Visitor: 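Input: one structure, supplied below.
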Amino acid sequence: MRLKLGLALVLLLNTVAANASNTDHFLRPINLDSAYINTTNKNEIRAGFDFLRDGDDGFSSQNTYNLTTKYKRAFDTKVPTRASVGLGLSLINYESVFGFDQSELDFSNLLIGLEAAPLNKESLAMSFYFDQSLPTGSDIGYLNPLGDSYAFHVGTSYQVKLLDHLS
C-alpha cells in the first residue's frame with residue numbers, strides 16, 4: 001500500500017515538475033514558488049509532497065506523508081497582490097516491535113497567505129508575504145500528539161532570471 005501511494009505521488013510530482021518550466025501552466029509544485037506575480041494568468045494551483053521518517057531506533061518508527069494543495073489568485077492592483085489558500089492531507093504510519101502498529105489519515109492545517117510585489121518584472125521581482133497556518137480541528141487520532149497548530153511566516157521573496165543577466 002505504501003509503495004503504491006509513494007509511486008503514485010512521485011509520478012504526479014514528476015508530471016507537475018516537467019510542466020513547471022512554462023509559467024503559463026495552471027498546476028505547479030509548491031517548492032517552485034515565485035516572487036513574480038503574473039497578473040495576466042491570475043489563477044494557479046500548486047501541489048507539494050513531504051515525507052518524514054522519525055524514531056527509527058530499532059523499537060519504533062513513524063512515517064508521515066503529507067500532500068498539500070495550494071490555490072493562488074493574483075489581483076491587478078497598483079501594487080500587484082496575490083492571495084492563497086491551501087489544505088493538506090496527512091497519512092501517519094506508526095510501527096513498533098511490541099506489535100503496536102497503527103495508521104492515521106487526517107487533514108493538515110489550513111494555509112492562508114497574502115503577497116504584495118512592489119517590484120514586479122519577469123526578469124527581476126521582489127515580493128513581501130504573510131502566510132498563516134490555522135488549525136482545522138480535525139485531529140481525530142493520537143499519533144500526532146501536537147495536533148493542529150497555529151503559525152505564521154513573514155518574509156521577502158526575490159526572483160532573478162540569472163541566465164538573461166549572464167548573456
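All values below were derived from every heavy atom in this structure, side-chain atoms included, with hydrogens, water molecules and symmetry-related copies excluded. Given the structure is predicted, the values throughout are model-derived calculations rather than measurements.
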Visitor: Quick one: closest heavy-atom pair of Y36 and R82, and the distance?
Guide: O-NH1, 3.4 Å
Visitor: Nearest 0.5 Å, please: how far is CD in Q62 from CG in N93?
Guide: 9.0 Å
Visitor: Considering residues, nucleotides and ligands other than F75, do more than 12 of their heavy atoms fall under 6.0 Å from its CZ?
Guide: yes
Visitor: Would the distance check show the side chain of N66 and the main-chain N or O of F49 forming a donor-acceptor pair, the cut-off being under 3.5 Å?
Guide: no
Visitor: Say whether L124 and V79 are linked into one hydrophobic cluster, either directly or through other cluster members, by side-chain heavy-atom distances under 4.5 angstrom.
Guide: no
Visitor: For the residue pair E95 and D101, what are the closest heavy atoms and their distance?
Guide: CA-OD1, 3.3 Å
Visitor: Which atom pair, heavy atoms only, marks the closest approach of S133 to L111?
Guide: OG-CD2, 3.3 Å
Visitor: For the residue pair A74 and I37, what are the closest heavy atoms and their distance?
Guide: CB-CG2, 3.6 Å
Visitor: When rounded to the nearest 0.5 angstrom, what distance separates NZ in K72 from CD in E44?
Guide: 6.5 Å
Visitor: Would a hydrophobic clustering, with Ile, Leu, Val, Met, Phe, Trp and Tyr connected at side-chain separations under 4.5 Å, put V85 with I45?
Guide: yes
Visitor: Checking L119 against Y158 for the side-chain contact (heavy atoms from CB on, under 4.5 Å) test, could you report, in this order, the C-alpha distance in whole Å, the side-chain angles of both residues, the deciding distance, and whether it holds?
Guide: CA-CA 9 Å; L119 178 60; Y158 301 95; over 6 Å; no
Visitor: Is there a donor-acceptor pair under 3.5 Å between the side chain of Q159 and the backbone N or O of A125?
Guide: no
Visitor: How close do Y129 and T156 get, heavy atom to heavy atom, and via which atoms?
Guide: CE2-N, 3.5 Å
Visitor: If you group Ile, Leu, Val, Met, Phe, Trp and Tyr by side-chain heavy-atom gaps below 4.5 Å, do L87 and L89 land in one group?
Guide: yes
Visitor: Distance from S103 atom OG to L91 atom CG, nearest 0.5 Å?
Guide: 6.0 Å
Visitor: Are L52 and F59 joined in one hydrophobic group, where the rule is that I, L, V, M, F, W and Y side chains link up if heavy atoms are under 4.5 Å apart?
Guide: no
Visitor: Using 0.5 Å steps for rounding, measure from the CZ atom of F152 to the CD atom of Q132.
Guide: 8.0 Å
Visitor: Does a sphere of radius 6.0 Å around NZ in K42 hold more than 12 heavy atoms from other residues, nucleotides or ligands, not counting ones at 6.0 Å or beyond?
Guide: yes
Visitor: Restricting to non-hydrogen atoms, name the atom on S157 and the atom on A35 that form the minimum distance, rounded to 0.1 Å.
Guide: O-CB, 3.5 Å
Visitor: When rounded to the nearest 0.5 angstrom, what distance separates CG in L134 from CD1 in I112?
Guide: 4.5 Å
Visitor: Please verify the inter-ring angle class for Y65 with F51; under 30° counts as parallel, over 60° as perpendicular, anything in between as tilted.
Guide: tilted
